[in-house]
Amino acid sequence: MKRLEKSLVHLDNLCGVSGEEELVLEGLKEELEGFYDEFFTDPLGNGVFVQKGGADRPRIALCAHMDEIGFMVRYIEDNGRLTIVPVGYHDNRMVVNQDLCIHTRDGMIQGVTGCKPNHLLSPEESAKVIPMENLSVDVGTTSREETEALGVRTGDYAHYNRQGYFLNGTKVYTGKSVDNRSGCAVLCEVFRQAKEEGIDLNLYAVGTVQEEVGIRGAGVIGHRLEPDLAIAIDVTIAGNVSGVELTEAPVELGKGAAIKYYDWDPGSAMGNNVPRKLIRALEEVAENQGIPYQREVLMGGGTDGWTMSLSGSGVRTCVISIPEAYMHTAVGTVHLEDMENCVQLILEYLKTL
């Protein structure tokens, strides 16, 4: 699975905050060169790679969102520093003292998020989380004019400036955007192996956009493709790490692909209740082929499976998840073997169609 490993590193280190996924789509094109018969995009920015099967064969959409959480420049202060707003859901505790890349019209520049030093905090201040609107991004300048000379403008995107890597020779990878570049890497490997093994389906590999800001892209492309079946590939919250109990998140790193039963975010009223017939078919494949898998029930989040399932006149949709520790931080962590098991589970299921 060296190819899968390389895809993960390649795609994670690309820049693609929600609404600016173009570089990630170019990365998918590089990964899938020679493995698709047709490619097209839509007005929102979704990218679709097509493998053509027989005219009477099912139309299957495999979806993985390309975007990552990030930030946007809201204002340039007179002292040259930037105020930012979140793009996607952030935990304010994780944004302090971070390295950022700002995407300017002239290229990338660096910045750091700063705050008042601990020496000067009152007991009341030290007990509080610093709101993002109280942070400033220092780009090394001392005036608005200097900052603007770097090419920075209101509305520019920013993301965590971090190169991903495998921890100490293990199969555990940490990176800024494994949500969901790990899913994109699985998508690529499934698509490549489907071509190599001659699986006769009309297969669509879809890199979707703007999942982190309301799961927008999947629903749009679902209306256009009208597939017979869709499989969303995404990460899910891993338990048994950093105080996250298995009662809260009943999947673990290194224990296999996660088959989603249900997810629900009460705050946004989004979620997906996967048809049990579809779940039973996935479980049967996993058990017959000896593929390690876990049962997933997620509260507090959703995936492309939600809007894809509701598109058109309705689409049979399931979700295959990669367990991730430290989700929505700069140090998201996944296990390569879980990704490999996701690839095999999806491939073996496709063969049953």
Side-chain angles (χ1 to χ4, degrees), residues 8-9 12-13 65 67-71 86-100 112-113 115 118 121 126-132 135 159-183 185-186 211-212 233-268 271 292-303 319-342:
L8 172 61
V9 175
D12 175 54
N13 287 316
H65 72 86
D67 58 317
E68 64 191 280
I69 61 170
F71 311 93
V87 178
Y89 176 73
H90 287 266
D91 182 342
N92 285 338
R93 297 174 304 166
M94 307 300 175
V95 185
V96 179
N97 301 328
Q98 293 281 358
D99 297 306
L100 299 185
V112 294
T113 56
C115 64
N118 184 55
L121 295 178
S126 64
K128 294 179 180 179
V129 174
I130 302 171
M132 196 179 301
L135 294 176
H159 70 275
Y160 291 121
N161 184 11
R162 181 168 186 261
Q163 294 292 302
Y165 60 92
F166 284 89
L167 287 168
N168 303 307
T170 68
K171 292 187 176 183
V172 176
Y173 179 87
T174 177
K176 68 173 178 61
S177 54
V178 292
D179 180 4
N180 182 39
R181 305 296 160 65
S182 59
V186 167
E211 191 267 359
E212 297 290 4
I233 308 165
D234 207 337
V235 294
T236 190
I237 298 171
N240 204 24
V241 291
S242 298
V244 181
E245 300 295 333
L246 287 173
T247 53
E248 300 174 282
V251 300
E252 299 180 72
L253 261 67
K255 296 293 182 69
I259 298 174
K260 187 183 293 290
Y261 281 68
Y262 177 79
D263 58 31
W264 178 249
D265 183 0
S268 60
Y293 75 95
Q294 306 177 75
R295 296 175 172 86
E296 179 205 349
V297 176
L298 174 67
M299 298 301 293
T303 70
V319 183
I320 303 298
S321 303
I322 305 160
E324 180 194 352
Y326 326 124
M327 186 178 289
H328 281 208
T329 74
V331 295
T333 301
V334 294
H335 199 295
L336 186 62
E337 288 183 357
D338 292 332
M339 295 174 59
E340 292 170 351
N341 286 319
C342 286

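Rounding to the nearest 0.5 Å gives a distance of 6.0 Å between CD of Glu211 and CG of Asp67. Between the OG1 atom of Thr329 and the NZ atom of Lys176 there is a distance of 12.5 Å, given to the nearest 0.5 Å. Separation of atoms CG (Leu298) and OH (Tyr262) is listed at 10.5 Å; rounding is to 0.5 Å. With rounding to the nearest 0.5 angstrom, the CE atom of Met327 is 10.0 Å from the CD1 atom of Ile69.
Counting only heavy atoms from C-beta outward, the side chains of Lys260 and Asp263 approach each other to under 4.5 Å. Between Ile259 and Ile320, the closest side-chain pair of non-hydrogen atoms falls below 4.5 Å. In this structure, His335 and Ile322 have side chains that are not in contact, with every pair of non-hydrogen atoms separated by 4.5 Å or more. Within the 4.5 Å cutoff, the side chain of Glu212 has no heavy atoms near those of the Glu68 side chain. The closest side-chain heavy-atom distance from Leu8 to Tyr173 is below 4.5 Å.
Across every non-hydrogen atom of Gly243 and Glu248, the tightest pair is O-OE1, 3.8 Å. Nearest heavy-atom pair, Val235 versus Ser182, reported as atom, atom and distance to 0.1 Å: CG1-OG, 3.3 Å. The nearest pair of heavy atoms linking Ala325 to Ala238 is N-CB, 4.1 Å. Between Val334 and Pro323 the shortest heavy-atom distance is CG1-O, 3.6 Å. Nearest heavy-atom pair, Gln98 versus Val95, reported as atom, atom and distance to 0.1 Å: CG-O, 3.4 Å. The two residues Asn92 and Ile130 have their closest heavy-atom pair at CB-O, 3.6 Å.
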Asp179 and Glu324: CA distance, side-chain angles, deciding distance, side-chain contact (heavy atoms from CB on, under 4.5 Å) verdict: CA-CA 8 Å; Asp179 180 4; Glu324 180 194 352; 3.5 Å; yes
Intermediate values then yes/no, side-chain contact (heavy atoms from CB on, under 4.5 Å), Val87 and Phe71: CA-CA 5 Å; Val87 178; Phe71 311 93; 5.5 Å; no
CA sep, side-chain torsions, deciding dist, call: Val96, Leu135, side-chain contact (heavy atoms from CB on, under 4.5 Å): CA-CA 7 Å; Val96 179; Leu135 294 176; 3.9 Å; yes
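Between the side chains of Asp234 and Ser321, no donor N or O sits under 3.5 Å from an acceptor N or O. Side chain to side chain, Glu296 and Thr236 meet the donor-acceptor criterion of an N or O pair below 3.5 Å.
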Donor-acceptor contacts under 3.5 Å from residues 160-169 side chains, at least two apart:
residue, atom, partner, partner atom, Å
Arg162, NH1, Thr174, OG1, 3.2
Arg162, NH1, Ala330, O, 3.0
Arg162, NH2, Thr174, OG1, 3.3

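Contacts of His328 classified as ring-ring contact (aromatic ring centres under 6.0 Å, His included), with partners at least two apart in sequence or in another chain: none.
Asp338 places no side-chain N or O within 3.5 Å of a backbone atom of Leu253 that could act as its donor or acceptor partner. Under the 3.5 Å distance criterion, the side-chain polar atoms of Ser177 are left unmatched by any main-chain donor or acceptor of Gly175.
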